[in-house]
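Beneath this line is the structure, given in structure tokens, with notes to follow.
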Amino acid sequence: MASEHTVLQFSSSSSASLSAKVHPLVIFNICDCYVRRPDQADRVIGTLLGSILPDGTVDIRNSYAVPHSESSDQVALDIDYHHNMLISHQKVNPKEVIVGWYSTGLGVTGGSALIHEFYSREVSNPVHLTVDTGFSTGEGTIKAYVSVNLSLGDRQLAAQFQEIPLDLRMVEAERVGFDILKTTMVDKLPTDLEGMEASMERLLALVDEVYKYVDNVVEGRVAPDNNIGRFISDTVASLPKLPPTAFDKLVNDSLQDHLLMLYLSSITRTQLSLAEKLNTAAQVL
């Protein structure tokens, strides 16, 4: 007589090949909402907006916070506020749809399963994004998860959060701001010139690292990698072919334009200050 076995298994889904890409605006928005949270709130949660790219990647481009309250055994969301905000956002950009939700803190918590269940009714297979706004590990840990059902035979027991690859790409101007967020204390915000200097120093370090790698490959100290060589070739080919004098002229012209804008803005502030003082003096007389 054949014996029947009950197998504990995870539901099969496409989450194994799922990945997400988040724009820096979303991270800055989440940090801003965390700073503005109510005093009694331990964390902030909200809705993620974006789209699904042709390759299946979840592209997260926008977000908004949703008021909530939670305890050890229950979570309450302001569903009306969530729907009203969604309608307002889609009036501006109708192509942005719900792709998941976010929460602040390091990793998932007990109430995350209840919130994820609500967003599962809003969109199939939502992405859960966590942002460590406290920078407890010294870095802004950002992770993305999807839910995988755990079943025993035909009976569903629970849901497990499974981490998926997350791509966070920034231009240099955005990376300067993100580096400031990771710093617990800063004397002042960098000016445009200081931000440009930091970007140029980072670029110089990357160029030096690429130069050392190419030299090691040519000398036979490192095995060549065709993918890296293709990336370097594409990068070099994308640079405009300019003589050194023309490049120096472009940099100097850009710097002079920037200094001219600073000078004009300083003159404008001075003129407004003088006009205000003259107006005050005229009223006194």
Side-chain angles (χ1 to χ4, degrees), residues 11 13-15 18 20-52 58-136 140-151 156-164 166 168:
S11 63
S13 64
S14 60
S15 60
L18 188 65
K21 181 173 67 173
V22 59
H23 291 237
L25 173 64
V26 177
I27 305 303
F28 296 146
N29 189 20
I30 294 174
C31 293
D32 181 68
C33 293
Y34 179 77
V35 172
R36 300 172 185 270
R37 74 190 187 282
D39 295 336
Q40 68 275 13
D42 294 330
R43 66 170 179 165
V44 176
I45 68 170
T47 303
L48 298 174
L49 301 175
S51 61
I52 308 298
V58 180
D59 187 22
I60 305 172
R61 296 194 298 268
N62 209 337
S63 66
Y64 59 86
V66 177
H68 82 293
S69 61
E70 59 181 320
S71 59
S72 58
D73 56 350
Q74 64 180 359
V75 178
L77 295 177
D78 193 338
I79 299 178
D80 292 336
Y81 180 89
H82 159 68
H83 288 154
N84 291 333
M85 286 294 293
L86 176 62
I87 294 173
S88 300
H89 274 267
Q90 289 187 333
K91 286 181 179 179
V92 179
N93 193 344
K95 294 183 179 180
E96 290 185 352
V97 297
I98 299 176
V99 294
W101 66 287
Y102 72 82
S103 67
T104 58
L106 186 60
V108 297
T109 63
S112 298
L114 299 175
I115 303 175
H116 198 83
E117 182 180 356
F118 165 74
Y119 280 94
S120 297
R121 297 193 294 267
E122 298 287 300
V123 60
S124 61
N125 200 17
V127 173
H128 175 33
L129 184 74
T130 61
V131 181
D132 182 19
T133 50
F135 296 91
S136 55
T141 303
I142 305 170
K143 295 183 178 181
Y145 302 88
V146 292
S147 178
V148 179
N149 293 327
L150 176 64
S151 58
Q156 181 177 339
L157 299 179
Q160 182 192 41
F161 284 99
Q162 180 179 357
E163 186 177 354
I164 61 174
L166 180 66
L168 176 60

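Side chains included, hydrogens not; waters and symmetry mates left out as well; all remaining heavy atoms used. Residues: numbered from 1 along the sequence shown.
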Exercise. For Thr104, what residues pass the side-chain hydrogen bond (donor to acceptor under 3.5 Å, both in side chains) criterion, not counting sequence neighbours?
Worked result: none
Problem set entry | Partner residues of Tyr34 under the side-chain hydrogen bond (donor to acceptor under 3.5 Å, both in side chains) criterion, sequence neighbours left out | none
Are any of the side-chain heavy atoms of [X] and [Y] separated by less than 4.5 Å?
X: Ile164; Y: Val58; result: no
X: Leu129; Y: Ile142; result: yes
X: Val146; Y: Leu18; result: yes

Might you point out which heavy atoms bring [X] and [Y] nearest each other, and give the distance in Å?
X: His116; Y: Pro126; result: CE1-O, 3.3 Å
X: Ala65; Y: Val44; result: CB-CG1, 4.1 Å
X: Arg43; Y: Ile115; result: NH2-CD1, 3.7 Å
X: Ala144; Y: Leu166; result: CB-CD1, 4.1 Å
X: His128; Y: Ser112; result: NE2-OG, 4.1 Å

Quick check for you: to the nearest 0.5 Å, what is the distance between [X] atom [atom1] and [Y] atom [atom2]?
X: Lys21; Y: Asp59; atom1: NZ; atom2: CG; answer: 4.5 Å
X: Ile27; Y: Ser63; atom1: CD1; atom2: OG; answer: 8.0 Å
X: Tyr64; Y: Asn29; atom1: OH; atom2: CG; answer: 11.5 Å
X: Ile98; Y: Ser51; atom1: CD1; atom2: OG; answer: 13.5 Å

For this session: Could you go through the side chain to side chain contact (heavy atoms under 4.5 Å, CB included) check for Trp101 and Ile45 one step at a time?
Result: CA-CA 7 Å; Trp101 66 287; Ile45 68 170; 4.2 Å; yes
Problem set entry | Residue list, ring-ring contact (aromatic ring centres under 6.0 Å, His included) with Phe118, at least two apart or on another chain |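 Checked Phe118 against ring-ring contact (aromatic ring centres under 6.0 Å, His included); matches are His82.
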Problem set entry | Qualifying residues under side chain to side chain contact (heavy atoms under 4.5 Å, CB included), relative to Ser69, sequence neighbours excluded |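 With sequence neighbours excluded, Ser69 shows a side chain to side chain contact (heavy atoms under 4.5 Å, CB included) to Ala76, given in chain and number order.
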Exercise. Partners of Asp78 by side chain to side chain contact (heavy atoms under 4.5 Å, CB included), sequence neighbours excluded?
Worked result: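 Once residues adjacent in sequence are excluded, the partners of Asp78 under the side chain to side chain contact (heavy atoms under 4.5 Å, CB included) criterion are Pro67, Asp80, Tyr81.
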Exercise. With no hydrogens and no angle check, do the side chains of His23 and Asn62 hold a donor and an acceptor under 3.5 Å apart?
Worked result: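 Asn62 and His23 do not have a side-chain donor-acceptor pair below 3.5 Å.
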Donor-acceptor pairs under 3.5 Å, side chain of residues 86-94 to any protein atom, not counting sequence neighbours: which ones?
| from | atom 1 | to | atom 2 | distance (Å) |
| --- | --- | --- | --- | --- |
| Ser88 | OG | Asn84 | O | 3.0 |
| Gln90 | NE2 | Glu96 | O | 3.2 |
| Asn93 | OD1 | Lys95 | N | 3.3 |
| Asn93 | ND2 | Glu96 | OE2 | 3.4 |

Problem set entry | Among Leu49, Asn125, Leu48, the one residue meeting side chain to side chain contact (heavy atoms under 4.5 Å, CB included) with Val99 | Leu48
